[in-house]
Every structure is written in C-alpha cells, then in structure tokens.
Protein chains: 2
Amino acid sequence: MPNDPNPIPGWLECIARSGYRLTAPRRAIVDIMASSDRALEPLQVYDLGRQSCPGLGLVTVYRTLEKLEELGLIQRVHQPNGCHTYWRAACGHEHLLFCTACGRAVHFSGDNITPLIEKVSNQTHFTIQDHWLQLFGLCPQCQQNNL
Amino acid sequence: MPNDPNPIPGWLECIARSGYRLTAPRRAIVDIMASSDRALEPLQVYDLGRQSCPGLGLVTVYRTLEKLEELGLIQRVHQPNGCHTYWRAACGHEHLLFCTACGRAVHFSGDNITPLIEKVSNQTHFTIQDHWLQLFGLCPQCQQNNL
DNA sequence: CCATAATTGATAACGTTTTTCAATTATAAA
DNA sequence: TTTATAATTGAAAAACGTTATCAATTATGG
Ligand SMILES: [Mn+2]
Ligand SMILES: [Mn+2]
Ligand SMILES: [Zn+2]
Ligand SMILES: [Zn+2]
C-alpha cells in the first residue's frame with residue numbers, strides 16, 4: 001500500500017473494521033488527511049472540512065484525528081515551531097522530511113542507524129527501543145520561490 | 001565545557017555578558033536547569049524553584065526558560081506524549097537519548113547521517129538544512145526497577 | 001547613595017484542547 | 001422496511017498551558 005494513489009477506501013475500511021461508524025464528518029476528514037501533501041493543524045482540517053461538510057464541528061475534528069492516530073493512519077508531526085499538526089502515517093519504517101517554508105512533507109526510508117544505536121547503547125547502558133529522525137529543508141517549489 | 005561538573009558559573013556569566021541581570025529567581029532556575037538529569041516542564045521548574053526562592057512566580061519561570069533557550073543554554077525537548085519540557089542544550093553536534101519511564105536524558109554524538117541526507121536530497125530534490133534525531137529507551141535504573 | 005531601566009509577581013487575557021450533554025444517526029436485529 | 005440501540009454529533013462550558021499587562025521592586029552603573 002505504499003504510495004497508494006487512492007488510500008481513502010482503505011482508511012474507511014480500517015475504520016469500519018475497527019468497529020467505528022462511517023459518518024459524513026469522518027468521511028470528510030479522511031478525505032482531507034489521506035490526500036494532503038502537507039501536515040495540517042486541527043483548525044485547518046476544520047476549515048477544509050466545512051467545505052464539504054458544512055455543519056462540521058471543531059470538536060469532531062479533534063475526536064476524529066485522535067481516532068485516526070490511534071488506528072495508525074495519521075501521526076502527529078513535531079516541528080521547531082510547534083507540534084500541532086498531523087500527517088498521514090508512514091508505511092513501515094520510514095521517517096519524515098519537511099519543508100520549513102510551506103509544510104509540504106514526504107516520507108523517506110533507508111536510514112541505517114542500527115550501528116549508532118548499538119554504540120550509544122553500549123556507552124550509556126540504556127536499552128534503546130525507538131528512534132525519531134526528521135529532516136528539515138526546502139521543497140523544490142519553495143526553492144524556486146526564494147530565488 | 002562538555003560534561004562540565006559545575007556549569008552554573010558559566011551560565012550566570014553568559015546571562016550577565018548578554019546584558020541581563022542576575023536576580024534571585026534567575027539563579028534559582030539556572031541552578032535547577034543546569035544540574036537536572038532529566039527534562040523538566042515549566043511547572044516542575046516552578047515547584048522546584050520555590051523551594052529555594054519562595055516568592056517565585058510561574059510567569060518568571062516561563063520568561064527565564066525563554067531567555068535560557070534564546071541564549072542556547074537549554075533546549076525544548078519533544079516527546080511522544082508532549083513537547084512541554086526543557087533540558088540543557090547540547091555542546092556542538094549532539095542528539096538526545098531519553099528514558100521513557102523516568103525522563104532521564106543524556107546527550108550522545110557520533111551520528112553520521114550525511115550520506116543519508118545526500119541520498120534523500122537527491123531523491124526528493126529538497127534542500128536539507130537540519131535534522132533531528134532522538135533515541136528512546138530505558139535508563140539503567142529503570143531497567144532494574146522493571147525486573 | 002542615587003537614578004534608572006530591567007525585572008518581578010499578581011492578575012487578566014488568550015488560544016488550544018477536553019469535557020459535558022442533549023439531540024441525531026449509523027448499524028444490526030426484528 | 002421498520003425498530004431498537006448505542007455510537008456519534010455539535011454547542012456550550014470548562015480546563016489547560018502560555019502570554020500580555022501593569023504597578024511595585026530591585027540590580028546595576030555612576
Ligand atoms: Mn529509522
Ligand atoms: Mn546529527
Ligand atoms: Zn515548500
Ligand atoms: Zn529511567
């Protein structure tokens with residue numbers, strides 16, 4: 001399912017299979033989160049969502065984002081200037097690369113920090129269970145705009 | 001200055017040299033932040049600070065943490081369950097390893113992700129300017145306690 | 001010691017997130 | 001198709017972490 005051109009049916013199925021109901025607000029939020037090319041804050045999801053689901057409430061956005069995160073479909077994104085955004089979750093072992101100018105995000109894979117983890121574990125006597133790696137930069141479009 | 005057994009004088013000098021005044025609240029907060037072995041939230045700094053500086057206000061904690069971060073003496077720490085804590089800043093190019101049980105933190109160095117950055121940059125056409133790396137695990141003490 | 005501007009703590013304001021609750025609605029059973 | 005049920009909803013209020021305001025205090029240099 002990596003780079004699925006239309007992940008929305010899969011997300012809806014995941015929601016239903018988990019025993020949650022498929023409602024208009026949830027469909028609207030899934031549409032937005034599954035297809036956005038950048039990380040979004042709850043208020044942005046709310047504004048976008050009201051275009052297709054006019055009565056949508058902000059509280060429902062928070063609740064739905066929480067559920068999508070719990071189902072592993074989206075993940076919270078941490079940035080130097082705040083940690084209030086969400087983006088679709090990685091498939092397998094991938095990390096995030098962000099454009100600091102526009103928020104556009106991509107996943108990448110291929111980090112090999114196992115030797116480093118081994119070394120740090122030996123030096124510190126910590127058991128290391130997880131790691132975060134994030135790259136920050138400028139996307140091609142924003143490089144153009146900053147010329 | 002790495003692993004300075006007593007970094008407090010250096011922090012105070014840094015504050016004074018930057019044109020800021022040395023006050024009792026600031027000394028109390030510097031004492032706490034320079035010697036803590038774990039990341040602390042503002043409210044924790046406040047509670048600890050009032051032990052040696054009874055009149056200390058929470059607002060002063062926020063203002064002082066902001067200043068220490070601006071001076072590069074402390075840094076905000078991002079964790080899966082919140083990004084409200086601060087810890088002393090790294091010396092040079094270092095990253096953080098956290099105990100998920102007790103919050104104890106250590107710096108480590110020696111990551112070499114330059115080849116990865118090169119590869120991802122070529123694949124994505126992003127210009128990559130910065131990176132975050134954090135390791136999560138269990139410190140020796142917490143491994144003992146969980147036996 | 002004095003003059004001055006920086007700093008302080010109390011208070012109020014702020015924006016984000018969570019809780020509460022009655023009304024609505026998706027779903028499965030009849 | 002209808003009905004019963006519990007899940008879900010949006011509005012309102014509350015809670016939370018953080019920031020702005022302001023008069024009183026205090027560190028600093030002269
Ligand atoms: Mn990795
Ligand atoms: Mn590095
Ligand atoms: Zn961009
Ligand atoms: Zn620990």
Side-chain angles (χ1 to χ4, degrees), chain A residues 9 11-33 39-71 74-86, chain B residues 9 11-33 39-71 74-86:
Chain A
W11 288 33
L12 296 176
E13 192 203 312
C14 176
I15 292 170
R17 185 167 16 92
S18 307
Y20 297 122
R21 295 182 177 178
L22 290 177
T23 64
R26 284 182 181 164
R27 288 173 193 275
I29 294 168
V30 164
D31 283 354
I32 292 162
M33 294 307 300
L40 299 172
E41 342 186 337
L43 202 59
Q44 295 176 301
V45 177
Y46 172 73
D47 287 335
L48 290 168
R50 286 179 72 91
Q51 292 174 13
S52 64
C53 186
L56 179 65
L58 180 57
V59 183
T60 300
V61 172
Y62 277 97
R63 287 190 283 226
T64 304
L65 292 176
E66 184 183 28
K67 229 154 222 130
L68 295 179
E69 187 180 29
E70 165 199 324
L71 294 174
I74 64 172
Q75 64 187 169
R76 184 184 289 272
V77 165
H78 299 257
Q79 288 177 272
N81 43 316
C83 307
H84 301 170
T85 63
Y86 289 90
Chain B
W11 288 33
L12 296 175
E13 193 202 312
C14 176
I15 291 170
R17 185 167 18 91
S18 308
Y20 297 121
R21 295 184 176 175
L22 290 176
T23 65
R26 285 182 181 163
R27 288 173 193 275
I29 294 168
V30 164
D31 283 353
I32 291 162
M33 294 307 300
L40 299 172
E41 347 187 331
L43 202 60
Q44 294 176 302
V45 177
Y46 172 72
D47 287 335
L48 290 168
R50 287 179 71 91
Q51 292 175 12
S52 64
C53 185
L56 179 66
L58 181 57
V59 181
T60 300
V61 172
Y62 277 97
R63 287 189 283 228
T64 304
L65 292 177
E66 183 183 28
K67 227 153 224 131
L68 296 179
E69 187 181 29
E70 165 200 323
L71 294 174
I74 64 172
Q75 64 187 170
R76 184 184 288 271
V77 166
H78 299 257
Q79 287 176 274
N81 44 316
C83 305
H84 301 172
T85 63
Y86 289 89

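A note on names: the letters A, B, ... follow the listed sequences, proteins ahead of strands, and every chain is numbered from 1.
To the nearest angstrom, P of D:dT19 lies 11 Å from CZ of B:Arg63. One interatomic measurement links the two molecules: CG of A:Asp47 to C1' of C:dT16, which rounds to 14 Å at whole-angstrom precision. Between the CG atom of B:Leu58 and the C1' atom of C:dA13 there is a distance of 15 Å, rounded to whole Å. Rounded to an integer number of Å, the gap from B:Tyr86 OH to D:dG17 P is 14 Å. Nucleotide C:dT8 holds its P atom 12 Å from the CG atom of B:Leu65, rounded to whole Å. Rounded to a whole Å, the CD atom of A:Glu69 is 12 Å from the P atom of C:dT17. Separating the NZ atom of B:Lys67 from the C1' atom of D:dA27 is a distance of 14 Å, rounded to the nearest angstrom. With rounding to whole Å, A:Glu66 atom CD is found 12 Å from C:dT19 atom C1'.
Taking each heavy atom of B:Tyr46 and B:Leu58 in turn, the nearest pair found is CE1-N, 3.3 Å. Across all their heavy atoms, A:Ala39 and A:Gln44 have their closest contact at O-OE1, 4.1 Å. Across every non-hydrogen atom of B:His84 and B:Arg76, the tightest pair is CA-NH1, 4.1 Å.
Considering only side-chain atoms of B:His84, the nucleotide from D:dT21, D:dT18, D:dT9 that sits closest is D:dT18.
When each of B:Val59 and B:Gly19 is assigned the nucleotide of DNA chain C bearing its nearest heavy atom, the one mapping closer to the 5' terminus is B:Gly19. Nearest-nucleotide mapping onto DNA chain C: of A:Leu43 and B:Tyr46, the residue sitting toward the 5' end is B:Tyr46. Mapped onto DNA chain D by nearest heavy atom, B:Glu41 and B:Tyr20 fall at different nucleotides, with B:Glu41 at the one closer to the 5' end.
From A:Gln51, atom CD reaches atom CG of A:Leu56 across 11.0 Å, with rounding to the nearest 0.5 Å. Expressed to the nearest 0.5 Å, how far CG of A:Leu71 lies from CH2 of A:Trp11 amounts to 10.0 Å.
Of the residues in residues 21-31 of chain B, those with a non-hydrogen atom less than 4.0 angstrom from any atom of DNA chain C are B:Arg21, B:Thr23, B:Pro25, B:Arg26.
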| query | When you look at A:Val45 and A:Thr64, which way does the side chain to side chain contact (heavy atoms under 4.5 Å, CB included) test go after all the steps? | reply | CA-CA 11 Å; A:Val45 177; A:Thr64 304; over 6 Å; no
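The side chain of B:Tyr62 places an N or O atom within less than 4.0 Å of a non-bridging phosphate oxygen (OP1 or OP2) of D:dT18.
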Can you give the donor-acceptor pairs under 3.5 Å from side chains of residues 14-33 of chain A to other protein atoms, not counting sequence neighbours?
from    : atom 1 : to      : atom 2 : distance (Å)
A:Ser18 : OG     : A:Cys14 : O      : 2.6
A:Tyr20 : OH     : A:Glu70 : OE2    : 2.7
A:Thr23 : OG1    : A:Arg26 : N      : 3.3
A:Arg26 : NH1    : A:Arg21 : O      : 2.8

